[in-house]
Amino acid sequence: MKGNDRAPSGLNWLGSFAVLCALVALWWVASNAGWVSRVFLPTPQATFASLLEGLNLSGGAANTGNGELLAFTQATVGRMVQGWLLASLFGVVLGAAIGVSPAVRAWVQPTLEFIRPLPASALLPLAIAIFGLNPGMVLFVVAFGAMWPVLLATVHGFAAVEPRLAEVARCLQMSRAAYIWKMGLPNAMPDILAGMRLALTIALIVAVVGEMIASQSGLGQAILLAARAFRASDLFAGIVLLGLIGFASNALLAFAEKRLLRWQQP
């Protein structure tokens, strides 16, 4: 039975890899056959060469741009992780405080639903006016934009706790903090982790947009400068690198989620 359960997963991975190879092959044909000008669509080999050069992995002669992409990547990943950690911390704390009380949920839920749809990028001009053009401003916007999936998931997780657990807590005369830590948090953990995975993707997106608008060092700025200079291979190298960062971060969180929720598996 276990072997049958594993087979579809392997087939899914094989199918996903086949789709990726087909897209790269189509890209190669379109660029090499001249369907699209190489000014706008570089070849995969040119993109790969720019990626290696930017990460200082080409092994060729050094030049002024060699290794720049590595520094930009470190800045973006650092900004993404810091914003995500702040968003997760405040999202879980506020979500637990709201979700554990039906009265507070009734009062706060309409306000949350009003603020939640606001795109974080739309707040960049306001954040620039308040904080100025500095890394702290971008970090604030990243944390604000990434906080909402964690906050709402935590509220939902605590609201969905079995009511009988609350009755047991009252019979045991547990404090509110003890109930949150010992009963509410474990039951809400699947929702919280799902919200944190979504928040990490949002943190990456907002970090890149913030770097573009606020002219902060990072992959967003590198991609914008490459586009303005019509350096298509560098532009696509940055985009590919962003995709790899998103894929790797999501895979790491999925692995951590699976390990943390082992107690739920039969």
Side-chain angles (χ1 to χ4, degrees), residues 16-17 19-85 120-121 124 133-139 141-142 145-146 199-255:
S16 300
F17 182 72
V19 171
L20 178 61
C21 290
L23 290 175
V24 173
L26 179 61
W27 175 15
W28 185 88
V29 171
S31 58
N32 283 277
W35 295 352
V36 181
S37 173
R38 293 189 184 181
V39 175
F40 305 105
L41 183 66
T43 62
Q45 52 268 36
T47 300
F48 186 66
S50 294
L51 184 61
L52 293 180
E53 182 181 340
L55 294 176
N56 205 11
L57 300 174
S58 61
N63 56 61
T64 56
N66 208 13
E68 255 190 355
L69 201 58
L70 181 59
F72 286 143
T73 302
Q74 291 171 346
T76 298
V77 171
R79 196 169 286 120
M80 173 190 74
V81 173
Q82 291 174 29
W84 174 72
L85 289 175
S121 57
L124 276 169
L133 288 173
N134 56 66
M137 180 276 298
V138 180
L139 183 61
V141 177
V142 171
L200 189 59
T201 302
I202 294 175
L204 177 59
I205 295 172
V206 178
V208 172
V209 174
E211 290 164 357
M212 289 181 176
I213 296 178
S215 299
Q216 297 297 309
S217 176
L219 285 175
Q221 186 185 53
I223 291 173
L224 185 62
L225 293 176
R228 288 175 176 174
F230 292 95
R231 292 184 278 113
S233 60
D234 293 340
L235 170 63
F236 273 70
I239 294 174
V240 169
L241 194 53
L242 282 177
L244 292 175
I245 292 172
F247 177 82
S249 58
N250 183 71
L252 286 174
L253 273 186
F255 175 76

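Both backbone and side-chain heavy atoms feed into the values below; hydrogens, waters and symmetry mates do not.
- In this structure, OG on S50 lies 4.5 Å from CG on D234, to the nearest 0.5 angstrom.
- Residues G145 and I202 come closest through the heavy atom pair O-CG2, 3.5 Å.
- Screening residues 31-57 for ring-ring contact (aromatic ring centres under 6.0 Å, His included) gives no qualifying pairs among residues at least two apart or on separate chains.
- Looking at residues two or more places apart in sequence or on another chain, you find a side chain to side chain contact (heavy atoms under 4.5 Å, CB included) between Q45 and W28, N32, T43.
- Between the CD atom in Q221 and the CD1 atom in I223 there is a gap of 11.0 Å [rounded to 0.5 Å].
- Taking every heavy atom of both residues into account, A237 and L69 meet most closely at CB-CD2, 4.5 Å.
- Taking CG of L219 as the reference point, atom CZ of F72 lies at 8.5 Å (rounded to 0.5 Å).
- Under the ring-ring contact (aromatic ring centres under 6.0 Å, His included) criterion, the residue pairs touching residues 226-245 are W27-F236, with sequence neighbours excluded.
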Check: residues 242-250 side-chain donor-acceptor pairs under 3.5 Å, at least two apart:
{"residue": "S249", "atom": "OG", "partner": "I245", "partner atom": "O", "Å": "2.9"}
{"residue": "S249", "atom": "OG", "partner": "G246", "partner atom": "O", "Å": "3.0"}
{"residue": "N250", "atom": "OD1", "partner": "R197", "partner atom": "NE", "Å": "3.4"}
{"residue": "N250", "atom": "OD1", "partner": "R197", "partner atom": "NH2", "Å": "3.3"}

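- Across A232 and V39, no two heavy atoms sit closer than the pair CB-O, 3.3 Å.
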May I have the step-by-step check of side-chain contact (heavy atoms from CB on, under 4.5 Å) for L241 and L55, ending in yes or no? CA-CA 10 Å; L241 194 53; L55 294 176; 4.2 Å; yes
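- When atom types are taken as modelled, the side chain of R79 and the backbone of S217 share a donor-acceptor pair closer than 3.5 angstrom.
- Residues that satisfy the side chain to side chain donor-acceptor pair (under 3.5 Å) test with T76, not counting sequence neighbours, are E211.
- Atom CG of L41 and atom OG of S233 lie 11.5 Å apart (nearest 0.5 Å).
- One finds the CG atom of L235 at 12.5 Å from the CZ atom of R228 (value rounded to the nearest 0.5 Å).
- Of all heavy-atom pairs between T47 and P42, the closest is OG1-CG, 3.5 Å.
- Partners of A214 according to the side chain to side chain contact (heavy atoms under 4.5 Å, CB included) rule, which considers only residues two or more places apart in sequence or in another chain, are L133, M137, V138, Q216.
- Between V142 and Q82, every side-chain heavy-atom pair lies at or beyond the 4.5 Å cut-off.
- Closest non-hydrogen pair, G218 versus A75, comes out as CA-CB, 4.2 Å.
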